[in-house]
**Student:** 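Right, I'll just put the structure down here and ask away after.
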Amino acid sequence: MQCSTLEEDGSDYSQPVEFVVEAHQAGERLDRFLSDMLPAQSRARLQRWVEEGYVRLGDRKIRPSTSLKVGDVIEVLAPPPEPEGQWVAEPIALDVVYEDVTLLVVNKPAGLVVHPAAGHAQGTLLNGLLHHCPSLLNLPRAGIVHRLDRDTTGLMVVAKTPEAQTSLVRQLQARTVSRQYLALAWGSLKKDQTLSSDIGRDPKDRQRMAVVVTNGKPAVTHVQVLAQGELLDRAVSLVRCRLETGRTHQIRVHLQSIGHPLVGDQTYHRGAPHLGDRLAFDRQALHAYRLAFDHPSGSGSIDFKASAPQDLQTLLAHADIHFSD
């Protein structure tokens, strides 16, 4: 599908949005309040909108630091889009499983970094998205609203308009986006369970996340046991993980915390058997296979599935596990 935007279809770029300050938000700074309400926008950008008159609070003169009161009605009209970064469009092949004027859903392969960062300035999903749809340069993070680890495969939704991005981020925050993963873990999980330990930066290794007692963020993973098998004379379990929250490395950390790290995960299972040579598998066995959410247009819920990639299917076959859904 050729990329298009609502502007090209003749619609307004954005409509005024109103927010009402509730009791628990009283006393907040205006810019912090807006950052919570419009998480797709950076705080610096929202401060600029206030200063340039794109935010109104009745007839009051306001600043980013203005303190809010219960019942305040704040009107926001987004200005014309501005380029979010100096990213380069690259002709990277994308597996687009769905696309319309407001969003697209892609099936990310293993090895593809989602967003440019240190050591990965180019060759990312974002670079490929800009080639596929150049107008995404006008959106924060080129419309990306959630991420997958480099070596995790599966479904991601990307917004193509500010309205769609705000809607999707709000749905993620409200935990109404259904994200289900297939994971192959070491050991024999005996029963379904819900893991709800807080996750934060590992105090002993800043490159990893961990279940922590202080300064962690709530994380909830529902685990359903699907099948049992064996790899390299060791028990393995195929599980379906459904996320309520989206913390960094959440599934990997939660399963490791109960003694069942992911097969192939060298970060959270150091000293684990290396599968690359014997089983042609050199990543964590994790695939985002199902994604469902409400379409930002209000037309109803949409649901997508992506079969496990070939390397994971081969690994499951080695474990004598056969899965279909």
Side-chain angles (χ1 to χ4, degrees), residues 1-6 8-9 39-40 84 87 89-116 123-183 240-246 250-251 286-313 324-325:
M1 173 177 178
Q2 184 169 349
C3 177
S4 60
T5 68
L6 289 180
E8 292 167 352
D9 287 349
E84 176 67 15
W87 301 309
E90 297 180 68
I92 296 171
L94 301 178
D95 181 5
V96 178
V97 300
Y98 174 82
E99 184 171 9
D100 62 25
V101 71
T102 61
L103 60 86
L104 60 89
V105 175
V106 297
N107 185 14
K108 189 188 84 68
L112 182 63
V113 174
V114 169
H115 195 281
T124 70
L125 174 65
L126 184 146
N127 299 113
L129 287 169
L130 291 179
H131 183 269
H132 177 79
C133 187
S135 64
L136 291 177
L137 186 63
N138 297 318
L139 291 179
R141 296 175 296 282
I144 295 170
V145 296
H146 64 121
R147 301 188 186 188
L148 295 177
D149 297 336
R150 179 184 63 185
D151 290 326
T152 297
T153 57
L155 296 170
M156 293 181 59
V157 59
V158 178
K160 292 168 62 176
T161 69
E163 294 83 1
Q165 191 168 36
T166 297
S167 171
L168 291 168
V169 170
R170 286 178 177 173
Q171 290 182 58
L172 286 164
Q173 290 185 325
R175 304 184 181 183
T176 58
V177 176
S178 177
R179 290 171 290 169
Q180 297 185 36
Y181 294 70
L182 294 178
R240 184 194 343 255
C241 297
R242 181 171 63 82
L243 296 184
E244 280 196 25
T245 53
Q250 178 172 320
I251 292 173
L286 187 61
H287 173 64
Y289 92 103
R290 190 166 186 177
L291 179 66
F293 51 89
D294 290 333
H295 196 284
S297 68
S299 59
S301 179
I302 49 179
D303 191 338
F304 303 94
K305 289 183 182 180
S307 299
Q310 188 58 55
D311 66 341
L312 182 54
Q313 292 185 37
S324 61
D325 184 88

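Treat the numbers as computed from the prediction; the structure is a model and nothing was measured.
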**Student:** To the nearest 0.5 Å, tell me how far L112 CG sits from T152 OG1.
**Tutor:** 12.0 Å
**Student:** Could you walk me through whether V177 and L168 pass side-chain contact (heavy atoms from CB on, under 4.5 Å), step by step?
**Tutor:** CA-CA 8 Å; V177 176; L168 291 168; 5.6 Å; no
**Student:** In Å and rounded to the nearest 0.5 Å, what is the CD1 to CD distance from I144 to Q165?
**Tutor:** 9.5 Å
**Student:** Do K160 side-chain atoms and S135 backbone N/O form a donor-acceptor pair below 3.5 Å?
**Tutor:** no
**Student:** W87 and A142: which non-hydrogen atoms are nearest, and at how many Å?
**Tutor:** CZ3-N, 4.1 Å
**Student:** Measure the CG-OG1 distance between N138 and T161 for me, rounded to the nearest 0.5 Å.
**Tutor:** 11.5 Å
**Student:** Look at the side chain of Q250 and the backbone N and O of L243, then say whether any donor-acceptor pair between them is shorter than 3.5 Å.
**Tutor:** no
**Student:** Flag the pair P309 / H287 as yes when at least one side-chain heavy-atom distance between them is below 4.5 Å, and no otherwise.
**Tutor:** yes
**Student:** Applying side chain to side chain donor-acceptor pair (under 3.5 Å), run through E163 and T102 and close with a yes or a no.
**Tutor:** CA-CA 8 Å; E163 294 83 1; T102 61; over 6 Å; no
**Student:** Is there a donor-acceptor contact under 3.5 Å from the side chain of D100 to the main chain of L103?
**Tutor:** yes
**Student:** Passes side-chain contact (heavy atoms from CB on, under 4.5 Å), L286 versus L148? Steps please.
**Tutor:** CA-CA 10 Å; L286 187 61; L148 295 177; over 6 Å; no
**Student:** Has H146 got a side-chain atom pairing as donor or acceptor with V157's backbone, closer than 3.5 angstrom?
**Tutor:** yes
**Student:** Taking all non-hydrogen atoms of both residues into account, name the closest pair between L129 and L104 and its distance.
**Tutor:** CD2-CD1, 3.9 Å
**Student:** When you measure from the side chain of H132 to the backbone N and O of I92, does any donor-acceptor pair fall under 3.5 Å?
**Tutor:** no
**Student:** When you measure from the side chain of E90 to the backbone of G123, do you find a donor-acceptor pair of N or O atoms at a distance under 3.5 Å?
**Tutor:** yes
**Student:** Might you confirm whether atom CZ of R240 has over 12 heavy atoms from other residues, nucleotides or ligands at distances under 6.0 Å?
**Tutor:** yes
**Student:** Looking at L125, V113, V114, which one forms a side-chain contact (heavy atoms from CB on, under 4.5 Å) with R147?
**Tutor:** V114
**Student:** Of the non-hydrogen atoms in L139 and A159, which two are nearest, and what is the gap between them?
**Tutor:** CD1-O, 3.5 Å
**Student:** Can you sort out the partners of D311 under salt bridge (charged side-chain N to carboxylate O under 4.0 Å, His left out), two or more places apart, ordered by chain and number?
**Tutor:** R283
**Student:** If you measure from CD on Q180 to NZ on K305, what distance do you get to the nearest 0.5 Å?
**Tutor:** 8.5 Å
**Student:** Do P109 and D95 have side chains that get closer than 4.5 Å, going by heavy atoms?
**Tutor:** no
**Student:** Could you report the tightest heavy-atom contact between N127 and P116, atom names first, then the distance?
**Tutor:** OD1-CG, 4.2 Å
**Student:** For H295 and I302, which heavy atoms make the closest approach, and how far apart are they?
**Tutor:** CD2-CD1, 3.8 Å
**Student:** Indicate yes or no: at least one non-hydrogen side-chain atom of L172 is less than 4.5 angstrom from one of R179.
**Tutor:** yes
**Student:** Search all heavy atoms of F304 against all heavy atoms of L155 and return the closest pair with its distance.
**Tutor:** O-CD1, 3.5 Å
**Student:** I'd like to check L312 versus T153 (side-chain heavy atoms, cut-off strictly below 4.5 Å). Are they in contact?
**Tutor:** no
**Student:** Report the distance from atom NE2 of H115 to atom CG of L126, rounding to the nearest 0.5 Å.
**Tutor:** 5.0 Å
**Student:** Is the backbone N or O of A308 less than 3.5 Å from a side-chain atom of Q313, with the two atoms forming a donor-acceptor pair by type?
**Tutor:** yes
**Student:** Roughly how far, to the nearest 0.5 Å, is CG of D294 from CZ of R170?
**Tutor:** 13.5 Å
